[in-house]
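Quick note on labels: first sequence line is chain A, next is B, and so on, each numbered from 1.
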Amino acid sequence: MEIDPFIFRFSIFILSIFIGYYVVWSVTPSLHTPLMSVTNAISSVIIVGAIIAALAGSSESIFNISSIFGFIAIILAAINIFGGFLVTQRMLQMYKKKKDKKK
Amino acid sequence: MISANLSAVFYLLSGILFILALRGLSSPDTSRQGNYFGIAGMIIAIVVTFLSIGNFSNSLVYVIIFLIIGGTIGAFIAFKIPMTAMPELVAGFHSLVGLAAVFVAIAAFLNPEAFNLGVVGNIKLASLIEMSIGAAVGAITFSGSIIAFLKLRGIMSGAPITFSGQHILNLILGIGIFVLIFFLCKTQSANVFWTVVTISFLVGILLIIPIGGADMPVVISMLNSYSGWAAAGIGFTLENTALIITGALVGSSGAILSYIMCKAMNRSFVSVILGGFGADNSTENKKKGIDQKPVKSGNAEDAAFLMKNASSVIIVPGYGMAVAQAQHAVREMVDKLKKNDIKVTYAIHPVAGRMPGHMNVLLAEANVPYDEVFELEDINNDFANSDVAFVIGANDVTNPVAKTDPKSPIFGMPVLDVEKCKSVLFVKRSLSPGYAGIDNELFYKDNTLMLFADAKKMTEDIVKNLD
């Protein structure tokens, strides 16, 4: 009997939870705020779904009811992607400066 | 256009890059590299999505325009936001992820053909369940984060809002969502789908309003976790590995942070969620405050004198330092002390501030080297051997009552052993209790000197007196 593809995806999901569990425990507590902002940025990979939805409109009707939701979701996710990665970078940069000064 | 198999491999690659992004955060040295991995993973995911659709109609132009609009807004916020506002920024970002998840789910419901999920009125059963769970969790994340944002921003009072029957109402609504999803699978009715989304928005609001300001670190971590589960739900709908991996990573990351925060407050996750902490006992403690015990209070000159004659000083920052934006003044003070060969370290309680790691970021902003900053368990033994503890804006996390009084609501919470220092300087605006609504015994100890003033102003005055 064939295994349902859902089971494969579910396996990936469960294994990723385990990876997440071990990786996050090893994050140093002083970087917990950047951890939150970077997880925020990467969860915006949901933009993939938004792009598919937005591109689903035909050439005659670029904006139909479903693609409009896609377009709005693109804006929301893009704010998060750029905002999340850049603010993380800004924070991590501060952890670097001090070290250079000390040297 | 690239094949589905090839794009799946690329999505896996971007998932791996996201794992490496989190892995990098295990040390400040590798963290920036980790962030670049994250950015690379995101670029790969987006480019592959464009290539796999391959339909470069006029829509593509609009997609890119919208992407740039969003990106510009995001970049603008990222550069403008002050570091003290990080908790509300993160809460705000969570709400956007939640809402994006809801919108993608709605788009998939309205136009399932675009996602290969069947046709309107006959969507594949599994996809329907996945998208409605994604939409429900996304909606809860959105409205919950909005409430958290308003509370952190001070637009809404940080006090818990409770009413009778609240938990039963939440329970009924929660069960209602599952029943409705069941009906949705039977009928494929759009109205049922909209009802699920609406109720979920409501649940998000109801879930967060009873939670008080001091529990915000748990709430933010919890919403972080929810935004991950919402993304994973959508990932299953879209059969997209990158989304599933990321959702699981973010979900477990948020869950671990919530656990760490709960443990640092010695409270169970359930009791935080049920909320109402700090609401009931505050009146009782106000009464207690009337029979004033003697307090020693001093000024900046006394504080400067004490510190100048010390050989080691431990700084204990808390939320008050963030509010007063005193981190730069603190750093200036520490520089002066170090010039006099005084050993200075920082002690940080896990729940100091309004989000995990809040104090560390503020000190980093003020250029405090991270190897001078210690976590609770690493520094707690040092208090007994130190001359001065300088408590600035922290309160409940230093309260010895957590170790001595089993009746206290914070009994059992790990606290910093500040009272073991030879002398304690406590910067505070008044004698009012902290967020937990509990009087701090530390105020009345013989070796405590209270400095009643705004944290920033007091620190600046001490700096002047150190010359």
Side chain / backbone / both / neither for Ser27(B) at chain A, heavy atoms under 4.5 Å: backbone

Summary of salt bridge (Lys or Arg N to Asp or Glu O under 4.0 Å) pairs that have at least one residue in residues 3-30 of chain A, sequence neighbours excluded: Arg9(A)-Glu239(B)

Set of side-chain hydrogen bond (donor to acceptor under 3.5 Å, both in side chains) partners for Tyr11(B), sequence neighbours left out: Thr49(B)

When Ile245(B), Val90(B), Ile68(B) are compared by non-hydrogen pairs under 4.5 Å with chain A, the top option: Ile245(B)

Engaged part of Ile260(B) at the chain A interface, taking heavy atoms whose separation is under 4.5 Å: side chain

Sidechain-backbone polar pair: Arg23(B) side chain, Val23(A) backbone, donor-acceptor under 3.5 Å: no

Residues which pass ring-ring contact (aromatic ring centres under 6.0 Å, His included) with Phe82(A), listed by chain and number, not counting sequence neighbours: none

Part of Phe76(B) within contact of chain A (heavy atom distance under 4.5 Å): neither

For chain B, the option from Ala73(A), Ala77(A), Gly83(A) that forms the most heavy-atom pairs under 4.5 Å: Gly83(A)

Side chain / backbone / both / neither for Ile81(A) at chain B, heavy atoms under 4.5 Å: side chain

Under 4.5 Å from a heavy atom of chain A, the part of Val97(B) involved: both

Leu99(B), part contacting chain A, at a heavy-atom distance under 4.5 Å: both

Residues of residues 40-48 of chain B within contact distance of chain A, non-hydrogen under 4.5 Å: Met42(B), Ala45(B), Ile46(B)

Polar side chain donor-acceptor pair, Asn111(B) to Ser67(A), under 3.5 angstrom: no

Chain A contact via Ala126(B) - which portion, at a heavy-atom distance below 4.5 Å: neither

Nearest non-hydrogen partners of Leu96(B) and Asn80(A), listed with the distance: CB-ND2, 3.2 Å

Contact origin within Leu25(B) toward chain A - heavy atom pairs under 4.5 Å: both

Segment of Phe18(A) engaging chain B (4.5 angstrom heavy-atom cut-off): neither

Residue part contacting chain A, namely of Ile220(B), when any heavy atom lies under 4.5 Å: both

Worked verdict on Asn360(B) versus Leu31(A) for side chain to side chain contact (heavy atoms under 4.5 Å, CB included): CA-CA 7 Å; Asn360(B) 302 80; Leu31(A) 291 176; over 6 Å; no

Contacting moiety of Val48(A), where chain B heavy atoms sit under 4.5 Å: both

Interchain contact, Ile47(A) with chain B, by part (heavy-atom threshold 4.5 Å): side chain

Check: Thr33(A) side chain, Pro356(B) main-chain N or O, donor-acceptor pair, under 3.5 Å: yes

Closest-packed option against chain A by number of heavy-atom pairs under 4.5 Å, given Leu238(B), Ile348(B), Val102(B), Asn35(B): Asn35(B)

